[in-house]
Amino acid sequence: MLNETVNYLGEAYGISRQTIDLIEQAQEQIRPVFQSYDEIAEYNQVKVLKAFHNNRITDSHFNWANGYGHDDFGREALGKVYADALGAESCIVGPFIQDGTHALACTYLGLLRPGDQFIYCTGKPYDTMETVIGLKGNAPGTLKEFGIEYGQVDLLPNDCIDIEGVKKAIGPKTKMVVLQRSLGYSYRHAFSIAEIEEWAAACKSVKPDVICMVDNCYGEFLDIKEPVCVGADIMAGSLMKNPGGGITMGGGYVAGKKELTDIVATRVVCPGLGTDSGLMYDQTRRIFQGIFCAPRTVNGAIKGAALFAKVFENLGCEVTPKAEAPRNDVVTAIKMNSAEQLIAFCEAVQLSAPINAHFRPEPGEMSGYVDKIILASGSFVQGSTMEVSADAPLREPYIVYYQGGLSYEHAKFCCMNVVQRLKNECLL
């Protein structure tokens, strides 16, 4: 690091030389793993570029229709680019899917019918999905209200998928099995493409026509393959996470077999229309540009996540995944010692943001969650977890989830700021 940078960090932000040395040391310890991230990013960048070339994208695709949005060839081409880049037959993508939770809900409500059973094979689902399913709260329109049966197979003690348990759980009413790739608000590793392939093959060996569905949030472009390339029938995710590249203003996607995405489209829009209509609200260019930039943006984010893991591991905290472990999502979970330490961590992340850095995040109620949530996200796109952010439910054990970073350099600065803030408050 340049001496000028060291001096400026001290003068402008009060970051001590001791803190800088701590982060620099951790960076050198994990530098060898950065090469593997760079190689994956390089492959995925070429793969995404080829998807653009395959579909002959021009600037005329950025124009948008009005009214019903019929014959919007930009929207149609965008779906084809996404499908090619993600290795799927078909993809529904756009602002008419609000976010990742909406994409997942549309998939479940579109493909499941009263009397069907679906099984979560990775234990308890993410908090917002518990509300959609009907496991918590009393929101109307849940899967439970529609008579759809929920099943769950917990992970093994080593946090691996209980393959034999999943096989035994699949029965005559089981229409769909679900794998949540990212850790959500749990404390485990995210699942690799190899683990997803093994899981899908095991499920199909018991019931060949069962739908293998993957919640792929936070997982795109972490490998050279996506879940639908290795046996998953359908997957869904958010454009405010990896594939949006920090550029897309919002939205979600559902990708997989065309026969399934066509059915999901009836829930996203309505029966009879599917994706033959739907306005893009002048977002087509941003979504195209977002997925083009995504491989490099994801690369910076996982380097930042690995740095956080190494720094806090060196400071004696429990983290998952370990800094040197393979990355299957962009999240690092860090166990804090107290609510005060967790809140101070999030406050320092907010102070590191380019937007609303002078705001102070406080735990509060949030739609879809039962516990109070603290969220630090001073981002260009509100709620974008592809940008530097951290969040946590205010409950024991006090685990904070750090993710994002449009550049590694910003994530590194954020790490310095967090460590310095915790030191200043005698919380380290």
Indicate yes or no: does [X] engage [Y] in a salt bridge with an N to O separation below 4.0 Å.
X: Arg285; Y: Asp59; value: no
X: Lys241; Y: Asp329; value: no
X: Arg181; Y: Glu195; value: no

- Could you walk me through whether Glu164 and Lys167 pass the salt bridge (charged side-chain N to carboxylate O under 4.0 Å, His left out) check? CA-CA 5 Å; Glu164 292 305 315; Lys167 290 166 70 174; 3.7 Å; yes
- Can you check whether Phe380's main-chain N or O pairs, donor with acceptor, with Glu387's side chain at less than 3.5 Å? yes
Could you tell me which residues satisfy ring pair (Phe, Tyr, Trp, His ring centres under 6.0 Å) with [X], sequence neighbours excluded, listed by chain and number?
X: Phe96; result: none
X: Phe146; result: none
X: His61; result: Phe73

- In terms of the angle between their ring planes, are Tyr120 and Tyr108 parallel, tilted or perpendicular, with boundaries placed at 30° and 60°? perpendicular
- Message: For Phe52 and Phe292, take the angle between the two ring planes, folded into 0 to 90°, and tell me which bin it lands in: parallel under 30, tilted 30 to 60, perpendicular over 60.
- Response: perpendicular
- Is there any ring-ring contact (aromatic ring centres under 6.0 Å, His included) pair reaching into residues 164-208, and which pairs are they, with sequence neighbours excluded? Tyr126-Tyr185, Tyr185-Tyr401, His189-Phe191
- Tightest non-hydrogen contact, residues Gly290 and Ile247, listed as CA-CB, 4.1 Å
- Gln29: partners by side chain to side chain donor-acceptor pair (under 3.5 Å), with sequence neighbours left out: Asn314
- Task: Would you please name every residue forming a side chain to side chain contact (heavy atoms under 4.5 Å, CB included) with Asp116, sequence neighbours left out?
- Result: Leu112, Arg113, Lys175
